Undergrad: 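Before I ask anything, let me first share the structure, which is written out below as structure tokens.
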Amino acid sequence: MPARLATQLAAFQEALARVDSEAALYELQVAYLGKKGTVTQLRGEMGKLPPEQRKGFGAEWNRVRDAIEAALEERRTYLKDQARRLDLARVEDLTLPPLRPPAGTLHPLSQTRRRLSESFQRLGFSLAVGPHVEHSKYNFDDLNVPKNHPARDMADTFFIRPHRHPGFDDHSDNDAAMRLRAGELVLRTHTSPVQVRTMLTQKPPIRIVALGTTFRCDDDATHSPMFHQIEGLYVDRGVTMADLKATLMDFTRDFYGRRLDVRFRPSFFPFVEPGAEFDIGCPFCGGDGCNLCKRTGYIEIGGCGMVHPAVFEACGIDPEVYTGWAFGFGVDRMTMSQHAVPHLRHMFEGDVRFLEQFP
Amino acid sequence: MKISHQWLSEMFAEGALDAALAAWSAEGKGAAYTRLLTGLGLEVEAVHAVGEGVRSIVVGEIRGKSPHPKADKLTVVELFDGTGVVQVVCGASNLPPLGGKVAFAPVGAVLPGGLAIAARELRGVPSQGMICSETELEIGADDSGILVLPEDWRAGDRLVDRVPGIVDTILELGVTPNRPDALGHIGVARDVGTKLGIPLRPPQVRRPDAPNTPGLVTIAATDRCGRYLGYVLEDMSVQPSPLWMRVRLHRVGLRAISNVVDVTNFVLMECGQPLHAFDRDRLVEGRVVVRRAERDEPMTTLDGTQKLLTADDLVIADASAPQALAGVMGGAQSMVHAGTHHLLLEAAWFAPPGIRATARRHGYATDSSYRFERGVDHGVGLERAALRALGLLIELAGGRCTAWTDAAGERPPQPTIALRLPRVAALLGVDVPVDTARAVLTGLEVQVREDSPEVWTCVAPTHRPDLRREVDLIEELMRFHGLDKVPARLTVPAEARAAAHSDPITELGDRLAEGLRDAGLHEHVAMAFVAESKVEFFAVPPERRVRVENPMRAAGVMRTHMLPGLLDALVHNVARHTRPVRLFEVGRTYAWPERHVPKDGPTAAIDVLLPRERAVAAALIYAGARGGGEAREITGAAVQALARVGLRARPIDPPAPVAHLHPGVQAALAVDGTVVGEAGEVHPDLVRAWDLPEGTRVFYAEIDIEAIPPRATAKARDLPRFPSTARDLSLEIPLTLSAARVVAALTAAASQRAGGKTGDEVRLATDSFGEPAIEVLEDYRGAGVPAGHRALLLRLHYAAEQRSVTDDEAQALHTSIVTAACEALRAAAPTVRPR
Ligand SMILES: [Zn+2]
């Protein structure tokens, strides 16, 4: 082998041993085999040799180039393996806290309200709403609770101080405003005024639920002055109490995932007649008896009954043509028993340590 | 309402109730009553078996008394128990003289309270049993000394034989306001008898032989008093009642006082009829007038309080002055006292609403007003109650009835009700057999005329003022037939129903709540009312605040903003832990409208009187003692919430400053130019007002749900195929110039330069969601920027539709946009310049 070829090969091999990256390997390749590489240049010198030596030199040069290329390839493979090994040796602890926005929650009352509303919508009840500050005509009078009737004691009422609108003087509603005396505006004591509003606004068939905030002057360990109710109303020709029972049973199947018994006990609510309290088979034990149902197999839910003809009359619906039923119950107590909330006050304090428990 | 089983039994033939109850159910008295009465709508809230411990008590006779050698207050008593004499040590000071009779608990007895009597020594003297007081036997409330029994009782007799009914079952009933008849034993017995099929047979009463004397009673206010029965009783004497009477009253929760008062209370509990007894000697002219009070007429009621009456109050007056607040409370002057000899006994019917108004006005809630305002019997039951009292008074207080009268005012009419029997099934979905219907109505004393098999003409009895129309009778039939017999049967099958719909505002609120939850906030539910001091900082002026007349917890104003409730919750949290507090609430705020707002629809006449209720979603973020927390988290949360309803909101300069937010740290939230809310740092004055530590930074956002514009259907955009080229820009601007305005100026400048000749000129590229591709990279406030200024580093991207853009054309457009934007910005902020 010509001495200069041998020198280059030796120099290459020495350099190759020091190469530790693909970039350096590429540089080395360019330095020896590139357009201006030292080995490439040696091939250019072949023309200066006497013709009898050219063939031998050419063969030698080819061997050297092949050897270099093979060595480069081998080294490249080695480096790739090495890099892959290193990559695979990386360790990252994915059990560290995941990166995400902090978790938020919906209030347990909201969750119950949504589930109730979804259940009843599936059963064909549309959502109806009404104001929290209500006129006693809708909260009491039209619901067959006349002024100075003891039935008004069933709900301790918050009264709202009447307001005289500045622009009323030159308006035709002025008289109404002036007649608005103390005691006529209240914070609704139940969601039932929504019944009245709906019956005044729509023609039967009416099939609605009203879900919302209600208020009573009651403040102790088991009563909050603000609480939540759901109310259902169904008015059409031929509606019976048997339909109410069937509907409430359908509701239990949708809401609790199992069809539970519904039991009526006679009771009194001025806006229904006959009126009843209704119990459902205990959803916690399925009626077998547990602590939550005090071993009775039933839990008390709320009140219901057939819409009183006086209510129909107040709302302009002919009770000889239409019948209807209504039911109502408290959402707070249901939520608390569902989630085993120990104290009512937790519900309205806004302690994040409480709220975060309801993902 | 406490109901005694023994008392109920006396309303039927002897033994009839026990037999019928046992035949109806074998489950025992308490359980049977619970099921029976609760099934009738008279909810049994509790059952108490009482008096079992009295069974071993006997009558003891005092044979000897000597002082205890070692204790001044103790007496050593020789007591004859019917068979022998035992020695008992007693601490009472009211021991009767020798021969006197006491209640004796011998060794081995267990008292009602559970105390087991054993032989023991008291300060060295053996005692073989115990002499008992009323309270120890749980048959009375008098604990001042031992129970002294009548002298003529024989030693050794058992107390249970001497006082029939002392062993009893007491039911606590929850009586609904529609059932005044069930506020007396007769009314409950009538239901029980009707259900069990046994006829009611209340104790016999007799009309007095005295003359009807109309001058005794004058009803002047005939519209307020429907009937007034008065009886004069002469030469009676006020004394303690016999033991049976005292025990009976104690069992139903009343305190024995004297025979006269006790009899009126007894009849109250038996008949549900309040009575009143006047000392007739103290009535001027010995007669009464039922009239309205004069305005400001004074009167002292028997509880000793002086009242000034109104012209709407009904009084029972004598010839000169009010002697009772009718149906509510008697007067002090003519009240029965120890020396009373002549009585005027009142049994009346007063119009319920007036009684209720008077009781409320003067702050009374008495057993009497409770019943009158629900409506007592004005028919045979009223006279029966009066005669029952008269009989008992003569029995217990002596005397004789010398005059009586029955004065009439306007009695409520007894409605005639047509009961269509098929209507029962039409309403309830279940038939009540005709025989059952007949038996129920008869048992309840409804007069029935069976005009046809389908229509009965009924007249309700005077003791059931709640039975006014057909549906009331249907309820009665169902009550007794059994509401549990109603089957479950849908009127319209599920598949034939119309589809349900939601409420749009509720729906929006729910979605916003989900967005805020996803932004890492917890939902809070605060009281809708707050203390006035908590809304003073807000923009709603006092005259527009909605006030509660009778607030609780001093929370007298309906909230005008959500922030006070969230700040209260924050304070609660900060006092208890050091964690971040991230809360939101979706609810309503309340304010009277600034001016009259006309309403329409069938409820307009009412709606126009109501305050404005605004649906609001509000968020509060407090990083907490652990540090961190940037103002932009709150705009982030709000924007994320709005993204949940498909809207792209962006913070912009507030159109007007919001008072409760920091003046330098606030923004409005806009959707396509419509302002839907606000966000910023809570004003430091509020942080102080809520007593949060100085320097606490709290961030708050509020979205006006009703201002949210409807979401438009998205239209697709073609996707650019060629990459864009970016140019950076560093702008020196005053601190008060917002990034939103800089971006807006650049966007405006770019759009003015858009619209080329070739149709595919280089232009500002479009970023995600179709926004102009202007990134705000950094808000630099360090060295090299003049005071009151900052450097905003922006990156603008340029592209063309169908081709790559060259560096030169991008640079040319960039320069021209920046120049134009700076010029526009300098109109308001002259110091704006590129760096
Ligand atoms: Zn259970």
Side-chain angles (χ1 to χ4, degrees), chain A residues 101-107 109-110 121 124-127 129 131-133 135 137-138 148 150-151 158-161 163 165 167-168 171 173 176 180 197 200-201 217 219 225-226 238-243 245-246 249 264-268 273-274 276 306 309 323 348-352 355-356, chain B residues 38 40-41 176-178 353 356-357 373-374 427-429 471-472 475 478-479 483-484 486-491 497 500-503 506 513 517-525 527-528 546-550 552 569 572-573 577 581 583 588 592 595-596 601-603 606 608-611 613:
Chain A
T105 53
L106 295 179
H107 197 281
L109 278 172
S110 259
Q121 280 184 57
F125 290 82
S126 292
L127 207 57
V129 296
H132 295 170
V133 178
H135 195 279
K137 176 170 163 61
Y138 292 167
N148 270 324
F158 281 114
F159 293 97
I160 292 293
R161 190 171 306 167
H163 175 75
H165 297 286
F168 254 141
H171 196 276
D173 284 326
L180 195 63
R197 288 175 169 276
L200 284 169
T201 315
C217 305
D219 196 358
M226 186 185 96
V239 173
T240 66
M241 201 142 178
D243 180 85
K245 192 167 192 171
M249 286 169 91
F264 292 144
R265 284 177 287 121
S267 189
F268 169 72
E273 185 91 10
M306 300 303 292
T323 52
F348 305 110
E349 273 172 350
D351 194 317
V352 295
L355 298 173
E356 70 188 9
Chain B
T38 301
L40 292 176
T176 51
N178 59 324
R356 186 176 151 88
E373 67 183 46
R374 280 159 176 72
L427 206 58
L428 302 172
V471 69
D472 300 320
E475 179 178 60
M478 205 57 230
R479 223 160 48 84
L483 209 48
D484 51 355
V486 170
R489 193 175 57 233
L490 291 178
T491 302
R497 275 181 213 136
H501 53 82
S502 183
D503 165 64
T506 308
R517 174 199 60 193
D518 294 345
L521 277 65
H522 300 293
E523 189 181 10
H524 172 45
V525 176
M527 291 291 144
V546 179
R547 290 194 168 72
V548 182
E549 294 273 19
N550 51 337
M552 300 189 97
H572 170 92
N573 279 280
H577 58 83
V581 180
L583 293 171
R588 296 191 195 172
W592 293 107
R595 70 193 72 80
H596 172 70
T603 60
I606 292 290
V608 82
L609 305 171
L610 303 179
E613 297 182 18

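Numbered from 1 within each chain, the chains take letters A, B, ... in sequence-line order. Here the structure is a predicted model, which is why all the values come from computation and not from measurement.
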Undergrad: Could you measure the distance from the CE atom of A:Met241 to the CG atom of B:Leu483? Nearest 0.5 Å is fine.
TA: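 One finds 4.5 Å between CE of A:Met241 and CG of B:Leu483.
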
Undergrad: Let me know if B:Arg588 has heavy atoms under 4.5 Å from chain A in its side chain, its backbone, both or neither.
TA: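 B:Arg588 touches chain A through side-chain heavy atoms alone.
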
Undergrad: Which of the residues B:His522, B:Glu373, B:His524 is involved in the greatest number of heavy-atom pairs with chain A at under 4.5 angstrom?
TA: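 Top count of heavy-atom pairs under 4.5 Å with chain A: B:His522.
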
Undergrad: Among A:Pro131, A:Ser267, A:Gly238, A:Ala276, which residue forms the greatest number of heavy-atom pairs with chain B at distances under 4.5 Å?
TA: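 Ranked by heavy-atom pairs under 4.5 Å with chain B, first place is A:Pro131.
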
Undergrad: Could you tell me which non-hydrogen atom of A:Gly124 sits nearest to which non-hydrogen atom of B:Arg497, and how far apart they are?
TA: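 Shortest heavy-atom contact: CA-CD, 4.4 Å.
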
Undergrad: Please round to the nearest 0.5 Å and tell me the distance separating atom OG1 of B:Thr491 and atom CG of A:Asp243.
TA: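 Result: 3.5 Å between the selected atoms.
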
Undergrad: Any heavy-atom pair between the side chains of B:Leu521 and A:Thr105 that's under 4.5 Å?
TA: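 Counting from C-beta outward, A:Thr105 and B:Leu521 never come under 4.5 Å.
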
Undergrad: Who are the ring pair (Phe, Tyr, Trp, His ring centres under 6.0 Å) partners of A:His132, not counting sequence neighbours?
TA: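 Ring pair (Phe, Tyr, Trp, His ring centres under 6.0 Å) list for A:His132, sorted by chain: A:Phe215, B:Tyr590.
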
Undergrad: Among A:Ser110, A:Ala246, A:Ala242, which residue has the highest count of heavy-atom pairs closer than 4.5 Å to chain B?
TA: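 When all of A:Ser110, A:Ala246, A:Ala242 are compared, A:Ala242 has the most.
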
Undergrad: Check whether any side-chain heavy atom of A:Lys245 sits under 4.5 Å from a side-chain heavy atom of B:Pro487, and report yes or no.
TA: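 Result no, sub-4.5 Å side-chain heavy-atom pair not found.
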
Undergrad: Just wondering, do B:Ser502 and A:Gln121 contact through their side chains at under 4.5 Å, heavy atoms?
TA: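 Yes - at least one pair of side-chain heavy atoms lies under 4.5 Å apart.
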
Undergrad: Only pairs of heavy atoms separated by less than 4.5 Å count here; which of A:Thr323, A:Val239, A:Val133 has the most with chain B?
TA: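 Between A:Thr323, A:Val239, A:Val133, the count favours A:Val133.
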
Undergrad: Between B:Asp518, B:Val486, B:Val548, B:Val525, which shows the greatest number of heavy-atom pairs under 4.5 Å with chain A?
TA: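 Of B:Asp518, B:Val486, B:Val548, B:Val525, B:Val525 has the most heavy-atom pairs under 4.5 Å with chain A.
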
Undergrad: Do you know which of A:Lys137, A:Arg265, A:Glu349 has the most heavy-atom pairs under 4.5 Å to chain B?
TA: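 Of the options given, most contacts go to A:Glu349.
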
Undergrad: Among B:Gly429, B:Ala519, B:Ala500, single out the residue with the greatest number of heavy-atom pairs under 4.5 Å to chain A.
TA: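 Heavy-atom pair counts peak at B:Ala500.
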
Undergrad: Taking the side chain as every heavy atom from C-beta outward, state whether A:Thr240 and B:Leu427 have any atom pair closer than 4.5 Å.
TA: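 SC-SC contact between A:Thr240 and B:Leu427 ruled out.
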
Undergrad: Using heavy-atom distances under 4.5 Å, tell me whether A:Val352 contacts chain B through its side chain, its backbone, both, or neither.
TA: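 Both the backbone and the side chain of A:Val352 come within 4.5 Å of chain B.
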
Undergrad: Mind checking ring pair (Phe, Tyr, Trp, His ring centres under 6.0 Å) for A:Phe264 and listing every partner two or more places apart, or none if nothing turns up?
TA: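 With sequence neighbours excluded, A:Phe264 shows a ring pair (Phe, Tyr, Trp, His ring centres under 6.0 Å) to no residue whatsoever.
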
Undergrad: Sort out for me which of B:Asp472, B:Thr506, B:Asn178 touches chain A most, counting heavy-atom pairs under 4.5 Å.
TA: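 When all of B:Asp472, B:Thr506, B:Asn178 are compared, B:Asn178 has the most.
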
Undergrad: Between B:Thr38, B:Val581, B:Val546, which has the largest tally of heavy atom pairs under 4.5 Å with chain A?
TA: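 So the answer, after comparing B:Thr38, B:Val581, B:Val546, is B:Thr38.
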
Undergrad: Does any backbone or side-chain atom of A:Met249 lie under 4.5 Å from a heavy atom of chain B? Answer side chain, backbone, both or neither.
TA: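 Side chain only.
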
Undergrad: With a 4.5 angstrom heavy-atom cut-off, is it the side chain or the backbone of A:Phe348 that approaches chain B, or both, or neither?
TA: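 A:Phe348 touches chain B through backbone and side-chain heavy atoms alike.
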
Undergrad: Considering only heavy atoms from C-beta outward, does the side chain of A:Cys217 approach that of B:Asn550 to under 4.5 Å?
TA: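 The answer is yes; the side chains approach within 4.5 Å.
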
Undergrad: Count the heavy-atom pairs under 4.5 Å between each of B:Leu40, B:Leu428, B:Asp503 and chain A, then report the option with the highest count.
TA: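 Looking at each option in turn, the highest pair count goes to B:Leu428.
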
Undergrad: Distance from B:Met478 atom CE to A:Met306 atom CE, nearest 0.5 Å?
TA: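 The distance works out to 11.5 Å.
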
Undergrad: Please flag which part of B:Arg374 lies under 4.5 Å from any non-hydrogen atom of chain A: side chain, backbone, both or neither.
TA: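 Its backbone and side chain both get close to chain A.
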
Undergrad: Evaluate the side-chain proximity of B:Glu549 to A:Phe158: yes if any heavy-atom separation is below 4.5 Å, no if none is.
TA: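 Heavy-atom side-chain distance check fails, nothing below 4.5 Å.
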
Undergrad: Relative to chain A, which segment of B:His501 carries a heavy atom at a distance below 4.5 Å: side chain, backbone, both, or neither?
TA: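 It is both, since atoms from each part get that close.
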
Undergrad: Any heavy-atom pair between the side chains of A:Asp351 and B:His577 that's under 4.5 Å?
TA: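 They are in contact (side-chain heavy atoms under 4.5 Å apart), so the answer is yes.
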
Undergrad: Are any of the side-chain heavy atoms of B:Ile606 and A:Arg197 separated by less than 4.5 Å?
TA: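 B:Ile606 reaches A:Arg197 side chain to side chain.
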
Undergrad: Which heavy atom of A:Tyr138 sits nearest a heavy atom of B:Pro602, and at what distance?
TA: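 So the two residues come closest at OH-O, 4.3 Å.
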
Undergrad: Hey, which of A:Thr201, A:Asp219, A:Leu200 has the most heavy atom pairs under 4.5 Å with chain B?
TA: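 Among the listed options, the one with the most contacts to chain B is A:Asp219.
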
Undergrad: If I take atom CG from residue B:Leu583 and atom NE2 from residue A:His107, how far apart are they, to the nearest 0.5 angstrom?
TA: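 The NE2 atom of A:His107 is 10.0 Å from CG of B:Leu583, to the nearest 0.5 Å.
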
